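Whatever order the structure lists ligands and atoms in, that order sets their numbers, starting from 1. These numbers were taken from a predicted model, which means no experiment stands behind them. One-based numbering along the sequence shown. Only this structure's heavy atoms are used, side chains among them; waters, hydrogens and symmetry mates stay out.
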Amino acid sequence: MNYELIRKDFPILTKTIYGKYPLVYLDNAATTQKPRQVVEAMTEEYYNVNANVHRGVHFLSQQATELHEGSRETVRKFLNARSASEIVFTRGTTESINLVAQCFSDAFMKEGDEVIVSEMEHHSNIVSWQLQQQRKGIRLRVIPITDDGQLRLDEYEKLFTDRTRIVSVTHVSNVLGTVNPVKEIIRIAHEHGIPVLIDGAQSTPHMKVDVQELDCDFFAFSGHKIYGPTGIGVLYGKEEMLEKLPPYMGGGEMIKNVTFERTTFNELPFKFEAGTPDYVASTGLARALDYVSSVGLDAIEAYERDLTAYAIQRMGEIEDMKIFGPADVSIHDAVISFQVGNIHHLDMGTLLDRLGIAVRTGHHCAEPLMHRLGIEGTCRASFAMYNTREEVDALVAAIKRVRQMF
Ligand code: 7TS
């Protein structure tokens with residue numbers, strides 16, 4: 001993988017911060033930067049194609065529709081879904097999870113029924129279910145983690161009861177970087193006859209995902225975390241599952257016929273896509289997936305794992321450094337949460353920023369995980385395919401400088 005060539009496609013990476021430091025962008029778990037190919041394809045569509053999709057007989061509308069549905073096919077291939085009707089465009093992982101939480105609980109859950117989540121979930125995979133707790137009285141059961149941030153599969157198996165209806169867990173932790181054994185998690189759930197939703201927000205940018213191989217029932221991810229635009233994401237669902245769920249929102253696109261007495265709903269995936277979709281963002285997402293596929297996810301994974309292992313080793317040399325998450329780098333993805341002595345994470349992040357280094361600080365939308373770890377927050381460096389060992393060295397040097405200030 002040639003990261004020098006890749007970096008040339010991301011204009012923002014040549015920026016200078018505070019007029020003197022080259023940007024070291026290590027906040028990729030929050031959002032990635034965008035290559036020219038993505039931005040230019042979207043600009044081109046606005047300038048030369050723009051028209052609302054699906055409902056037009058005219059030339060531009062047909063062209064825009066072809067682009068939009070072509071993008072759906074690109075997503076289908078990317079996830080290796082069986083059919084494009086299993087690919088629902090949403091605004092992102094959050095909306096995808098909310099859609100499943102609401103529609104699945106409407107179809108299959110009543111008071112006292114249970115969803116299994118884990119202690120390392122992002123708030124979007126906790127609060128979505130809590131909203132159904134308030135609406136319908138469903139209950140959350142939680143898979144605990146080990147001290148080094150791995151799911152306890154022995155405890156997971158014990159959580160299944162005759163009230164369990166669905167399992168909803170993250171593929172990769174956005175705080176710990178833990179790569180969860182989702183295939184095993186899915187296998188165990190299916191042994192109990194229970195479907196599984198995988199939150200793929202932090203896995204899709206870093207490793208090959210094959211939804212048929214995983215055999216997950218639902219899979220969610222966000223465009224903006226995989227070099228695509230904001231405002232678009234994907235929900236994959238097995239056709240037989242999606243068919244059984246009621247619609248999410250009402251409006252145009254999702255209907256077949258409407259009278260004041262009775263409305264019939266459109267076929268998949270349009271049943272879940274009320275209103276004008278972000279058809280320009282879907283083009284951007286497809287070009288981002290093309291970009292990632294042309295580099296190759298195996299190459300990206302190998303490169304980023306090596307970079308992460310290098311960072312863990314170099315950061316480990318710093319006095320008073322605590323790194324959260326698995327010590328085993330084979331299950332530690334491109335996210336490193338850390339704490340240096342008693343330097344507050346906010347102070348660390350702010351001072352690193354002054355040296356041109358962009359990291360994230362705080363609870364990372366995973367407050368229950370912070371409670372489990374007995375901390376308020378961490379400083380988090382997260383990598384993408386354009387990051388380099390030189391940038392890791394710059395991070396290490398900057399952390400050492402900050403440490404000396406205290
Ligand atoms: N799930 C996980 C595991 C995430 O990391 C995130 C976003 C989401 C869901 C929600 O994704 P969205 O695109 O719908 O917002 N995580 C982060 C983060 O770690 N820092 O900023 C956003």
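The number of heavy atoms from other shown groups lying within 6.0 Å of OH (Y18) is above 12.
D113 has its side chain out of reach of F108: every pair of non-hydrogen atoms, C-beta onward, lies at least 4.5 Å apart. A 4.5 Å side-chain heavy-atom check between V396 and M315 finds at least one atom pair inside the cut-off.
Formation of a donor-acceptor pair under 3.5 Å by the T178 side chain with backbone atoms of S173 is not found in this model.
Less than 6.0 angstrom separates the ring centroid of F89 from the ring centroid of H68.
Under 4.0 Å from any atom of ligand 1, one finds heavy atoms of residues A29, A30, T93, T94, H122, S124, T170, N174, D199, A201, Q202, S222, H224, K225, R360, R380.
The ring-ring contact (aromatic ring centres under 6.0 Å, His included) test applied to Y248 returns no partner, not counting sequence neighbours.
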